[in-house]
**Q** 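Here's a structure for you.
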Amino acid sequence: MKKYVIVLLVSVLMLTLAACGSPPELKTDFSALFSVHSGDADYTGALNKDGDHLTITMKEPYTIAGMVFDYSDTGLSIKSKGHSTNADPDYLPDSSVPAALRNALLTLSQASYNGSQNGADSYSVTTPYGEAAMTASDGYPLEITEPHSGLCFKFTAPSEPTEE
């Protein structure tokens, strides 16, 4: 009899855990506004990630407002005030805001789910410099900390990828 009760309890427990479901699918292609503090400056901008293509448009501080960093599988294009240049993405310092954001999001599709806490899902993202801690809500990234620079990017107003 004890054996049947134990089997029944284990079965109920397994069904309960299975009913919890999996976390929402992580959005690896998205558009969002971001903010980050680096050194003595606050940076804000907008990003659009679509596969291996990442476009970062800086909004603040005013000295770099309007600069666009367009990363693709063929390299990096930097645009500002009607001028543009192509560059190797490795030429930007890894601790710069655009490079750190790119490094943090580069392998987003391989993120590992760690669990849920306080209404947000927790993930680990392997970057070229180690594990980045990330939180998401309903599959949309909320915050990610790039391990090399220590920069913590916060995302708002997530939406589906936009057409350019």
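Each residue takes its place number in the sequence, starting with 1. All values below were derived from every heavy atom in this structure, side-chain atoms included, with hydrogens, water molecules and symmetry-related copies excluded.
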**Q** Minimum heavy-atom separation for Pro128 to Leu106, with atom names?
**A** CG-CD2, 4.3 Å

**Q** Would a 4.5 Å heavy-atom cut-off, applied to side chains only, mark Pro141 and Met134 as touching?
**A** yes

**Q** Can you give me the closest heavy-atom contact between Ile144 and Ala104, atom names plus distance?
**A** CD1-O, 3.4 Å

**Q** Taking the side chain as every heavy atom from C-beta outward, state whether Gln117 and Thr135 have any atom pair closer than 4.5 Å.
**A** no

**Q** Decide if atom CG of Asn114 counts as having more than 12 heavy atoms of other residues, nucleotides or ligands within a radius under 6.0 Å.
**A** yes

**Q** Apply side-chain contact (heavy atoms from CB on, under 4.5 Å) to Ala46 and list each qualifying residue two or more places apart in sequence or on a separate chain.
**A** Leu33, Lys59

**Q** Can you name the closest pair of heavy atoms from Thr28 and Ser109 and give their distance?
**A** CG2-CA, 3.5 Å

**Q** Evaluate the side chain to side chain contact (heavy atoms under 4.5 Å, CB included) criterion for residues Thr127 and His148: first the C-alpha distance (whole Å), next the side-chain angles of each, then the deciding distance (0.1 Å), finally the verdict.
**A** CA-CA 9 Å; Thr127 74; His148 177 69; over 6 Å; no

**Q** Counting C-beta onward and ignoring hydrogens, is there a side-chain heavy-atom pair between Asp138 and Asp121 closer than 4.5 Å?
**A** no

**Q** Determine whether Asp70 and Thr55 satisfy the following criterion, side chain to side chain donor-acceptor pair (under 3.5 Å), listing intermediate values before the conclusion.
**A** CA-CA 4 Å; Asp70 194 12; Thr55 303; 2.9 Å; yes

**Q** Do Phe155 and Phe34 make the cut of ring centroids closer than 6.0 angstrom?
**A** no

**Q** Check whether more than 12 heavy atoms from other residues, nucleotides or ligands sit under 6.0 Å from atom CG of Asp52, and answer yes or no.
**A** no

**Q** Pairing donors with acceptors under 3.5 angstrom, does anything connect the side chains of Glu146 and Ser149?
**A** yes

**Q** Please report the closest heavy-atom contact between Ala132 and Pro147, naming both atoms and the distance.
**A** CB-CD, 3.8 Å

**Q** Are Ser35 and Phe153 side-chain neighbours, meaning at least one heavy-atom pair lies under 4.5 Å?
**A** no

**Q** If two hydrophobic side chains count as joined below 4.5 Å and joins carry through other members, does Leu92 share a cluster with Val68?
**A** no

**Q** Apply the test side chain to side chain contact (heavy atoms under 4.5 Å, CB included) to residues Cys152 and Glu143: give CA-CA distance (whole Å), side-chain angles for both, the deciding distance (0.1 Å), then the verdict.
**A** CA-CA 7 Å; Cys152 180; Glu143 186 174 292; 3.4 Å; yes

**Q** Taking C-beta and beyond as the side chain, do Leu108 and Lys27 meet within less than 4.5 Å on heavy atoms?
**A** no

**Q** I'd like to check the ring-ring contact (aromatic ring centres under 6.0 Å, His included) partners of His37; sequence neighbours left out, ordered by chain and number.
**A** none

**Q** Indicate the atoms forming the closest heavy-atom contact of Gly51 with Asp29, along with that distance.
**A** N-OD1, 2.7 Å

**Q** Just checking, any donor-acceptor pair under 3.5 angstrom between side chains of Asp73 and His53?
**A** no

**Q** Is any side-chain heavy atom of Phe69 closer than 4.5 Å to a side-chain heavy atom of Leu76?
**A** yes

**Q** What are the two closest heavy atoms between Leu54 and Arg102, and how far apart are they?
**A** CD2-CA, 3.7 Å

**Q** Would you compute the distance between atom CG of Leu142 and atom OG of Ser137 and round it to the nearest 0.5 angstrom?
**A** 5.5 Å

**Q** Are Tyr71 and Ile56 packed together at the side-chain level, in the sense that at least one heavy-atom pair is separated by less than 4.5 angstrom?
**A** yes

**Q** Any side-chain donor-acceptor pair under 3.5 Å between Thr126 and Glu131?
**A** yes

**Q** Linking I/L/V/M/F/W/Y whenever their side-chain heavy atoms sit closer than 4.5 Å, directly or via other members, would Tyr129 and Leu151 fall into one cluster?
**A** no

**Q** What do the steps show when you test Tyr123 against Ser112 for side chain to side chain contact (heavy atoms under 4.5 Å, CB included), and what is the final call?
**A** CA-CA 5 Å; Tyr123 294 85; Ser112 300; over 6 Å; no

**Q** Cationic tip of Lys49 within the cone over Phe30's six-membered ring, i.e. under 6.0 Å and within 45° of the normal?
**A** no

**Q** Could you check Val36 against Val97 for side chain to side chain contact (heavy atoms under 4.5 Å, CB included), going step by step and ending with a plain yes or no?
**A** CA-CA 8 Å; Val36 64; Val97 169; 4.0 Å; yes

